[in-house]
Number of protein chains: 2
Amino acid sequence: MNFQNRKQLILQTVDERGSVDVRELADLLQTSEMTVRRDLVQLAASGLLYRTRGGAMKVSMATDSLRFEHKAAVNAERKDYICQLAAQEIREGDVIFMDCGSTVFRLCQFIRNKRITVVTNSLPVVAELMSSKVTVNLVGGEVDKERQAVHGLIAEEHIARYRANRAFMGVDGISLEHGLSANSEKEASIAMAIARQTDKVYLLCDSSKLETNKYLYFAPLSLFDVLITDTETKPDVVSAYQKAGVTLIH
Amino acid sequence: MNFQNRKQLILQTVDERGSVDVRELADLLQTSEMTVRRDLVQLAASGLLYRTRGGAMKVSMATDSLRFEHKAAVNAERKDYICQLAAQEIREGDVIFMDCGSTVFRLCQFIRNKRITVVTNSLPVVAELMSSKVTVNLVGGEVDKERQAVHGLIAEEHIARYRANRAFMGVDGISLEHGLSANSEKEASIAMAIARQTDKVYLLCDSSKLETNKYLYFAPLSLFDVLITDTETKPDVVSAYQKAGVTLIH
DNA sequence: TAGATTTTGTTTATTTTTGATCAAATCAAC
DNA sequence: GTTGATTTGATCAAAAATAAACAAAATCTA
């Protein structure tokens with residue numbers, strides 16, 4: 001294992017995991033920590049990664065604001081579980097929509113190596129898939145800095161130009177009584193626009209959001225085809241949704 | 001087993017495995033390590049593989065493309081000088097185009113606090129302006145991962161929907177004889193699309209690019225209105241451009 | 001076939017890379 | 001701030017890879 005090979009592996013690892021530490025790498029590469037450090041210094045010098053104390057990070061847009069990993073980290077385990085289920089639904093060659101939810105964002109890590117096309121209005125999703133095999137199509141229009149996503153009329157028109165096999169969307173609230181609800185009109189109208197252009201819509205929704213309502217009701221349950229949630233969903237809620245005709249995976 | 005046969009086998013092995021080491025090859029080819037080394041030197045000299053210490057790699061695996069952040073840092077001082085001049089041209093309320101060049105990227109830091117709207121196809125620009133007062137409009141379409149920007153037909157159509165006071169663009173080469181030239185068709189066509197929709201086009205171009213030509217000539221000097229460059233531009237070049245009718249700031 | 005030429009293999013010297021040690025720098029918790 | 005733990009970079013010796021020098025083998029040629 002020489003420098004060139006190690007370099008390959010290090011960059012690949014950093015790219016996949018976002019960040020690594022020296023000890024991990026030394027273990028992975030079967031070499032000393034000193035050597036790993038020397039490699040990292042070189043790679044950082046050529047701008048291929050960002051050196052941190054104890055390890056290294058992806059350089060991409062990592063230094064900038066285009067990261068909402070903090071937010072995405074809430075209920076991370078549940079969300080990852082949901083996203084693994086979601087990723088299994090995806091076939092090679094699919095064209096999929098991904099919206100700007102924090103759950104949907106975590107789907108990125110599971111689709112990095114698939115040969116698919118992702119159409120999205122989420123900037124963190126774009127940043128994350130920048131170094132993947134996925135073909136990315138970015139929805140154009142005005143940037144909402146708070147949500148780190150593109151919204152508005154132009155964005156909806158852009159979406160209307162594409163047709164996708166599947167869409168993966170988040171939602172702020174969902175209830176049997178009122179259907180889907182959101183915290184903002186922007187997110188609601190993007191969700192509607194995406195659903196119109198998609199064969200099969202998957203709603204990714206961790207159990208904490210089931211049977212909650214937000215201020216804006218924007219669509220009935222029939223907007224989506226499949227609800228993917230986690231195992232902590234109470235059995236009575238599951239059966240109530242199934243009785244209401246919802247296809248539910250958990 | 002002569003050199004021709006070994007060469008075949010070596011290239012095939014490198015191609016299949018991505019990388020090989022001298023010992024493996026000596027074993028595989030039933031020859032000494034010294035001979036293998038000599039073969040590798042020859043093959044590397046003719047560019048058929050990439051020589052590493054201890055072995056060799058596929059050329060494609062060894063090329064570490066310079067990342068955008070790094071590229072932006074080359075000639076940073078000159079670029080910053082140019083961008084300061086450019087920023088002075090901007091008025092409150094302006095709508096401006098910014099393309100995906102590394103010089104243009106550095107303009108971001110000087111416009112953070114202006115109340116303007118920026119339309120751009122550059123993802124680093126978006127990331128940089130995410131935490132600013134600027135209203136950002138992102139051009140939609142297929143993402144070019146290498147350039148960290150959006151290009152293509154859809155992008156050009158998106159641009160055609162907007163009208164801007166000013167555009168700030170980079171260019172790979174510029175010469176009095178041949179006009180503007182680029183390294184890729186993608187960048188050239190975006191530049192054309194932007195220029196069509198803009199009242200006043202500023203070309204940001206550090207002195208190292210003046211009087212150089214890249215492979216694709218795509219527009220005459222008349223495409224832009226003002227050329228902004230740095231103080232290291234030679235006086236005779238300056239006067240030649242002015243004589244040719246170019247408005248030049250430096 | 002003898003002699004010249006090229007290629008290959010072995011030995012040796014040189015260079016590069018690596019890993020261990022340890023003082024200095026940095027960080028985190030108090 | 002001070003302390004204590006961790007990380008780092010410098011130094012140096014060991015290991016590995018390389019290049020150089022030369023001898024042996026193979027190939028070519030007259």
Side-chain angles (χ1 to χ4, degrees), chain A residues 1-60 62-65 67 69-71 73-74 76, chain B residues 1-64 66-67 69-70 73:
Chain A
M1 174 83 61
N2 58 29
F3 174 60
Q4 291 301 327
N5 297 49
R6 287 201 308 270
K7 177 169 149 179
Q8 290 282 123
L9 254 170
I10 290 174
L11 288 177
Q12 190 187 324
T13 311
V14 168
D15 212 44
E16 282 169 7
R17 305 239 283 265
S19 69
V20 286
D21 66 63
V22 173
R23 203 161 310 159
E24 275 181 305
L25 284 177
D27 201 48
L28 178 71
L29 304 173
Q30 290 293 310
T31 182
S32 72
E33 297 188 10
M34 190 64 240
T35 301
V36 170
R37 256 182 242 117
R38 278 192 273 242
D39 289 351
L40 292 182
V41 169
Q42 278 203 45
L43 291 170
S46 41
L48 296 167
L49 49 74
Y50 181 76
R51 185 84 165 84
T52 60
R53 194 176 177 77
M57 283 178 70
K58 235 200 283 196
V59 75
S60 58
T63 46
D64 302 316
S65 49
R67 286 269 144 168
E69 270 160 18
H70 37 287
K71 188 181 172 192
V74 178
Chain B
M1 175 86 57
N2 59 22
F3 178 59
Q4 288 305 322
N5 299 32
R6 288 201 309 269
K7 180 170 153 177
Q8 286 276 335
L9 250 170
I10 291 174
L11 288 177
Q12 189 186 325
T13 311
V14 168
D15 203 50
E16 282 168 7
R17 305 240 283 266
S19 71
V20 286
D21 66 62
V22 173
R23 202 164 310 158
E24 277 181 308
L25 285 177
D27 202 48
L28 178 72
L29 305 173
Q30 290 295 311
T31 181
S32 72
E33 296 188 10
M34 190 64 240
T35 302
V36 170
R37 262 185 230 111
R38 280 192 270 243
D39 289 351
L40 292 182
V41 169
Q42 279 201 41
L43 291 170
S46 44
L48 296 167
L49 49 74
Y50 181 79
R51 184 82 166 88
T52 62
R53 200 169 179 81
M57 296 181 83
K58 256 204 268 193
V59 176
S60 60
M61 296 190 79
T63 51
D64 43 4
L66 204 57
R67 294 265 168 161
E69 288 83 354
H70 215 233

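By convention in this document, chain letters (A, B, ...) are assigned in the order of the sequence lines, proteins followed by strands, and residues within each chain are numbered from 1.
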Specify the separation, in whole Å, of atom [atom1] of [X] and atom [atom2] of [N].
| X | N | atom1 | atom2 | answer |
| --- | --- | --- | --- | --- |
| B/D21 | C/dT16 | CG | P | 20 Å |
| B/R51 | D/dA17 | CZ | C1' | 9 Å |
| A/K7 | C/dT18 | NZ | P | 13 Å |
| A/D27 | C/dG19 | CG | P | 13 Å |
| B/N5 | C/dT7 | CG | P | 14 Å |
| B/L40 | C/dT8 | CG | P | 13 Å |
| B/Q42 | D/dA19 | CD | C1' | 15 Å |
| B/R53 | C/dT14 | CZ | P | 15 Å |

Do any N or O atoms from the side chain of [X] and from the backbone of [Y] form a donor-acceptor pair under 3.5 angstrom?
| X | Y | result |
| --- | --- | --- |
| A/R38 | A/Q42 | no |
| A/E24 | A/D21 | yes |
| B/T13 | B/L9 | yes |

Criterion side-chain contact (heavy atoms from CB on, under 4.5 Å) against B/R6, the qualifying member of B/L11, B/D39, B/L43, B/L28: B/D39
Go through [options] for me and flag the one nearest to the [X] side chain.
| X | options | value |
| --- | --- | --- |
| A/V22 | D/dA16, D/dT8, C/dT8 | D/dT8 |
| B/R38 | C/dG19, D/dT8, C/dT8 | C/dT8 |
| B/R37 | C/dA25, D/dA19, C/dT8 | D/dA19 |
| A/S32 | D/dT6, C/dG19, C/dG9 | C/dG19 |
| B/T35 | C/dT18, C/dG9, C/dC27 | C/dG9 |
| B/R23 | C/dA20, C/dT18, D/dA17 | D/dA17 |
| B/M34 | D/dA20, C/dT15, D/dT8 | D/dA20 |
| A/V41 | D/dG9, D/dA17, C/dT26 | D/dG9 |

B/R6 side chain near C/dT8 phosphate (N/O to OP1/OP2, under 4.0 Å): yes
Value rounded to 0.5 Å, distance of CD in B/Q12 from CZ in B/R17: 11.0 Å
Closest-nucleotide ordering on DNA chain C, the 5'-leading residue of A/E33 and B/D39: B/D39
